[in-house]
Amino acid sequence: MSKEENSQVVVRKEKLAAIVQAGVSAYPNDFRPQQSLAQLLDTHGNQQDEAILATVSVRVAGRIMLLRSFGKLTFATLRDATSSMQVAVQRDEVGADIYNTVFKKLDVGDWIGVEGFLFRTKTGELTVRVQRFCLLAKALRPLPEKWHGLEDIETRYRQRYLDLIVNPEVRTLFQTRSKIVGRIRATMEENGFLEVETPMMHPIPGGAVARPFVTHHNALDRELYLRIAPELYLKRLIVGGFEKVFEINRNFRNEGLSTRHNPEFTMMEFYQAFTDYHELMAFVEHLVVQVVQHVNEGRLVVEHQGVRIDFTPPWSRLTLQEALVRHAGATLAETLDRQGLAALAAKHGMEVKPEWDDGALLLELFETLVEEKLIQPTFIKDYPISVSPLSRRSTTNPEIADRFELFIGGWEIANAFSELNDPQDQAERFHAQMQAKNAGNLEAMHFDDDYIRALEYGMPPTGGAGIGIDRLVMLLTNSSAIRDVILFPQMRSRD
RNA sequence: GGGCCGUUAGCUCAGUCGGUAGAGCAACAGACUUUUAAUCUGUGGGUCGCUGGUUCGACUCCAGCACGGCUCACCA
């Protein structure tokens, strides 16, 4: 028996044929529900007076989730987008002929519309007494089992619609994701930011250190790259005179998949003229607090994978060096020069690659020894210039970038900096990246002539930040895998 | 890409020492007008992920492959 034609599908197709044979349309499109199930329950859930309930005219639609048949009476549990509700179909109410030839051919999974009045069963459940019903869509495949639902992780991801039908918490999670994005957008707009859309297909990939996807445009006969970040385009808009812009959209990176990495993922990036990374720290803190409260009933403490995360501001602010001292047992002296850093790496059995400069070594040490320990929201600031090719140099120390990253739950959630608006310095940074690329670093940046030209027209002093939306959603929905917060995660094709 | 684990009916899962597979739900037939995962009686349903190998005999042991999960590496 092939997967496409198992016996249950055969039976359902036969039922469908019998229904059509009886002159009933199996896929009509003229039924309009009068109220949602939630509206019915909200309005009449407390009404005990049978005489009043019997006057409530009902017209609702839903998917049959359960059927309990007693021969001449059948209870069905319907579910729509808002709620679930029981309906009772009696043979003598809808007519013996239609009851036997059509209603008895319905299955769990079918969509139906019903009309009737309300009543309470003897167990007290608010129920629709059905006088007329119509089939809205016949399901040809059976739903997963009603007790355990769909547990197979692979099927849940590949057939997300099934996951959504039988696992209500999945629907709730994606509603929460929508609320998170909605709250971010609202907060940005409240603060005067303009939402924009910049290209997803880039002639030159830029704005991040990552490997891109390559595609080909036939009419232009040229390679295009799916964007790895919108950064350089958004800053062109600051050059163009917009002073506050943001974009919520997908980035694509041609790298490995894991519980925290999907090839396409969602970022919110924003840029604001006349601010710096210190002020951005306060704004990011404000923004995330707004979001957490919005989806967490006003509370700022979240449980994630068994760990309490407290978003109550102000959050810790540490330099990279301070973080190594506090969380990796380093001495301050060890963090200050190459010799100390190398000794620290040796102490922890870390390999030091020859191409790493001091800055790269410092960052590697941080990522290996500290990052996963930053469970409570923590800003890490003052990154080495060599690993921050788009960031402004510190006024007091030209080897340090005016940059911070936000860590929560051991993950990098945000990356922000005062933007480099000196076109000559930026050109030098691009040259350094190209040298790294020529030396074999596949993630190194390209030289973007037009971006340099844009800066040469003058970009006002600007601060910018990117926030990883998927990981934020993971934190706020207690998810351990990024695939749980992406509706259709990337999967290998199956023959 | 490496390591470990998994893949059995539509779904959720058992399967002993190597002797050609079971349960619950779902389905089908029947009974039943107040159930809540309704109940009761009966019936059907399997390329045991795929391909090889060992063996008289493989769901079971071995190898390769596919897909998935966890994890390491890379990254956000």
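Here is the naming used below: chain letters follow the sequence lines, and residue numbers restart at 1 for every chain.
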Using residues 375-383 of chain A as the side-chain source, report each donor-acceptor pair under 3.5 Å to any protein atom, sequence neighbours left out, with the distance given to one decimal.
{"residue": "A/Gln376", "atom": "OE1", "partner": "A/Asp310", "partner atom": "N", "Å": "2.7"}
{"residue": "A/Gln376", "atom": "NE2", "partner": "A/Arg308", "partner atom": "O", "Å": "2.7"}
{"residue": "A/Thr378", "atom": "OG1", "partner": "A/Gln376", "partner atom": "O", "Å": "2.7"}
{"residue": "A/Asp382", "atom": "OD1", "partner": "A/Tyr277", "partner atom": "OH", "Å": "3.0"}
{"residue": "A/Tyr383", "atom": "OH", "partner": "A/Glu405", "partner atom": "OE1", "Å": "2.9"}

Table of protein N/O atoms under 3.5 Å from nucleotides 1-6 of chain B N/O atoms:
none

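At the heavy-atom level, A/Gly466 lies nowhere under 4.0 Å from the strands shown. Using a 4.0 Å heavy-atom distance criterion, A/Leu67 is classed as a sugar-phosphate-only contact.
Under the stacking definition used here (centres under 5.5 Å, planes under 30°), the residue A/Phe70 fails to qualify as stacked on the base of B/U33. Aromatic stacking of A/Phe265 on B/A76: satisfied, with centres closer than 5.5 Å and planes within an angle under 30 degrees.
Checked against salt bridge (Lys or Arg N to Asp or Glu O under 4.0 Å), A/Arg183 has the following partners two or more places apart in sequence or in another chain: A/Glu190. Qualifying ring pair (Phe, Tyr, Trp, His ring centres under 6.0 Å) partners for A/His44, counting only residues two or more places apart in sequence or in other chains: none. Taking the side-chain hydrogen bond (donor to acceptor under 3.5 Å, both in side chains) definition, one finds that A/Arg429 meets it with A/Asp425, sequence neighbours left out.
Taken from CD in A/Gln272 to CE in A/Met188, the straight-line distance is 8.0 Å, to the nearest 0.5 Å.
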Parsed dot-bracket for RNA chain B after applying the Watson-Crick and G-U rules with both distances under 3.5 Å and | for other-strand partners is (((((((..((((.....[..)))).(((((.......))))).....(((((..]....))))))))))))....
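Contacts classified as ring-ring contact (aromatic ring centres under 6.0 Å, His included) and involving residues 82-113 of chain A (residues at least two apart or in different chains) are given here: A/Tyr99-A/Phe103, A/Phe103-A/Phe133. Sequence neighbours left out, the pairs with a member in residues 250-267 of chain A that pass salt bridge (Lys or Arg N to Asp or Glu O under 4.0 Å) are A/Arg250-A/Glu264. Listed by first and then second residue, the salt bridge (Lys or Arg N to Asp or Glu O under 4.0 Å) pairs involving residues 126-137 of chain A are A/Glu115-A/Arg132 (not counting sequence neighbours). Note on residues 353-367 of chain A: pairs passing salt bridge (Lys or Arg N to Asp or Glu O under 4.0 Å), not counting sequence neighbours, are A/Arg338-A/Asp358. Listed by first and then second residue, the ring-ring contact (aromatic ring centres under 6.0 Å, His included) pairs involving residues 113-132 of chain A amount to none (not counting sequence neighbours).
For the P atoms, the distance from B/A9 to B/C13 is 12 Å, rounded to whole Å.
Taken residue by residue, residues 82-117 of chain A places heavy atoms nearer than 4.0 Å to RNA chain B at A/Gln86, A/Gln90, A/Asp92.
Between A/Arg68 and B/U35 there is no side-chain N or O to OP1 or OP2 distance below 4.0 Å. For the pair A/Ser258 and B/C74, the criterion of a side-chain N or O lying under 4.0 Å from OP1 or OP2 is not met.
Among B/A76, B/U12, B/C70, the nucleotide with an atom closest to any side-chain atom of A/Ala481 is B/C70.
Using the six-membered ring where Trp is involved, A/Phe70 and A/Phe75 have ring planes that are perpendicular, over 60° apart on the 30 and 60° scheme.
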